[in-house]
Structures are given as structure tokens and as C-alpha cells.
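Below is one structure, written out as C-alpha cells; the observations come after it.
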Amino acid sequence: QVQLVESGGGLVQAGGSLRLSCAASGRTFTSYTMGWFRQAPGKEREFVAHISWSGSSTYYADSVKGRFTISRDNAKNTVYLQMNSLKPEDTAVYYCAACRANGIRRHEYEYDYWGQGTQVTVSS
């Protein structure tokens with residue numbers, strides 16, 4: 001069992017930056033690949049980024065590539081999402097998720113545990 005708690009969301013102007021954190025409970029954090037998803041009002045939840053258990057492999061949605069960076073600190077049981085050059089269309093609730101399988105995981109159904117989400121609002 002893994003419990004995930006996101007933090008770091010807030011209100012930022014377009015062009016600004018935010019860093020989201022996701023703290024995981026449990027001693028098996030390194031066994032999980034981790035992902036970030038987001039859900040904008042009236043839209044389905046979508047994949048944002050993925051990182052392997054070791055941190056050596058990452059994968060991004062085209063919409064955030066070059067602007068967002070996913071990373072993890074296994075000693076702190078924490079995964080991060082650094083978001084730069086934010087745009088109003090990045091406004092959404094951001095969720096972190098944990099997956100017990102290896103490999104690139106881009107779909108909601110592939111993830112086993114979810115956080116409660118943190119709101120990110122980008123003003124124009």
C-alpha cells in the first residue's frame with residue numbers, strides 16, 4: 001500500500017514557475033514507477049509525465065515537453081514536477097500516481113495508487 005500526498009500548487013502568472021511535490025508513504029517507494037497527471041475543468045484526466053523507479057528514464061506529454069521536468073528523490077520518498085514557462089492552458093488539478101509495473105506508463109488504468117490532487121491555476 002502506498003499513500004501519496006501532493007503539494008506545491010497555487011496561483012501563478014503566465015510565464016511563471018511552480019514545483020509540485022508528491023510525498024509517498026511506505027518503504028517500497030523505489031519499487032514504483034511514478035507519474036503525474038492533470039485534469040482541467042470539463043476535461044478528462046490526462047498524462048503529463050512519467051519517471052522510472054531509478055529516475056534514469058523519463059517520458060513527457062508533447063504539451064509539456066521542454067517546459068516541465070519530472071524527478072525523484074528516493075531517499076526522501078518524493079517525486080517532483082518542475083513546471084516552467086507556465087501557460088493558462090496548464091491550469092488543472094495535478095495528481096501524482098504510483099505504478100508497480102516497469103516501463104513507460106501513460107494511461108490511468110496502469111497506475112495503482114493516486115494522490116488527492118493539487119490545484120494549479122495560471123493567469124493570463
Should [X] and [Y] count as side-chain neighbours, where that means a heavy-atom distance under 4.5 Å?
X	Y	answer
Tyr32	Tyr113	yes
Met83	Tyr94	yes
Val5	Gln116	yes

Do you know which two heavy atoms are closest between [X] and [Y], and how far apart they sit?
X	Y	result
Arg105	Cys99	CG-SG, 3.7 Å
Leu4	Ala24	CD2-CB, 3.6 Å
Ala14	Ser124	CB-CA, 4.4 Å
His50	Gly103	CE1-O, 3.1 Å
Ser63	Arg38	OG-NH2, 3.5 Å
Ser54	Asn74	CA-ND2, 4.5 Å

Pair Lys87 + Asp90: basic N to acidic O under 4.0 Å:
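No, Lys87 and Asp90 are not salt-bridged.
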
Before giving the answer on side chain to side chain contact (heavy atoms under 4.5 Å, CB included), spell out for Ile70 and Tyr80 the whole-Å C-alpha distance, their side-chain angles and the decisive distance to 0.1 Å.
CA-CA 6 Å; Ile70 188 171; Tyr80 304 97; over 6 Å; no

When you measure from the side chain of [X] to the backbone of [Y], do you find a donor-acceptor pair of N or O atoms at a distance under 3.5 Å?
X	Y	value
Ser52	Ser57	yes
Glu6	Cys96	yes
Ser25	Gln3	yes
Asp112	Arg100	yes
Gln119	Gly9	no
Thr33	Ala101	yes
Thr30	Thr28	no

Run the side chain to side chain donor-acceptor pair (under 3.5 Å) test on Ser17 and Asn84 for me, step by step, so that the C-alpha distance in whole Å, both residues' side-chain angles and the decisive distance to 0.1 Å come before the verdict.
CA-CA 4 Å; Ser17 298; Asn84 298 329; 2.9 Å; yes

Straight-line distance of [X] [atom1] to [Y] [atom2], nearest 0.5 Å:
X	Y	atom1	atom2	result
Met34	Asn77	CE	CG	9.5 Å
Ser21	Lys76	OG	NZ	9.5 Å
Gln13	Ser123	CD	OG	5.0 Å
Gln39	Thr91	CD	OG1	13.5 Å

Say whether Trp114 and Leu81 are linked into one hydrophobic cluster, either directly or through other cluster members, by side-chain heavy-atom distances under 4.5 angstrom.
no

Grouping I, L, V, M, F, W and Y whenever their side-chain heavy atoms are under 4.5 Å apart, do Tyr95 and Val79 come out in a common cluster?
no

Before giving the answer on side chain to side chain contact (heavy atoms under 4.5 Å, CB included), spell out for Val93 and Arg45 the whole-Å C-alpha distance, their side-chain angles and the decisive distance to 0.1 Å.
CA-CA 9 Å; Val93 177; Arg45 190 153 53 182; over 6 Å; no

Tell me if the NZ atom of Lys65 is crowded by more than 12 foreign heavy atoms within 6.0 Å.
yes

Salt bridge (charged side-chain N to carboxylate O under 4.0 Å, His left out) with Asp73: which residues, sequence neighbours excluded?
none

When Phe68 is tested against each of Leu18, Leu86, Thr58, Leu20 for side-chain contact (heavy atoms from CB on, under 4.5 Å), which residue passes?
Leu86

Go through the steps for Phe47 and Tyr59 under the test side chain to side chain contact (heavy atoms under 4.5 Å, CB included), then give the verdict.
CA-CA 10 Å; Phe47 169 79; Tyr59 188 84; 3.7 Å; yes

What about Trp53 and Phe29, are their ring centers closer than 6.0 Å?
no

Under 6.0 Å between the ring centres of Tyr111 and Phe37?
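Ring centres of Phe37 and Tyr111 closer than 6.0 Å.
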
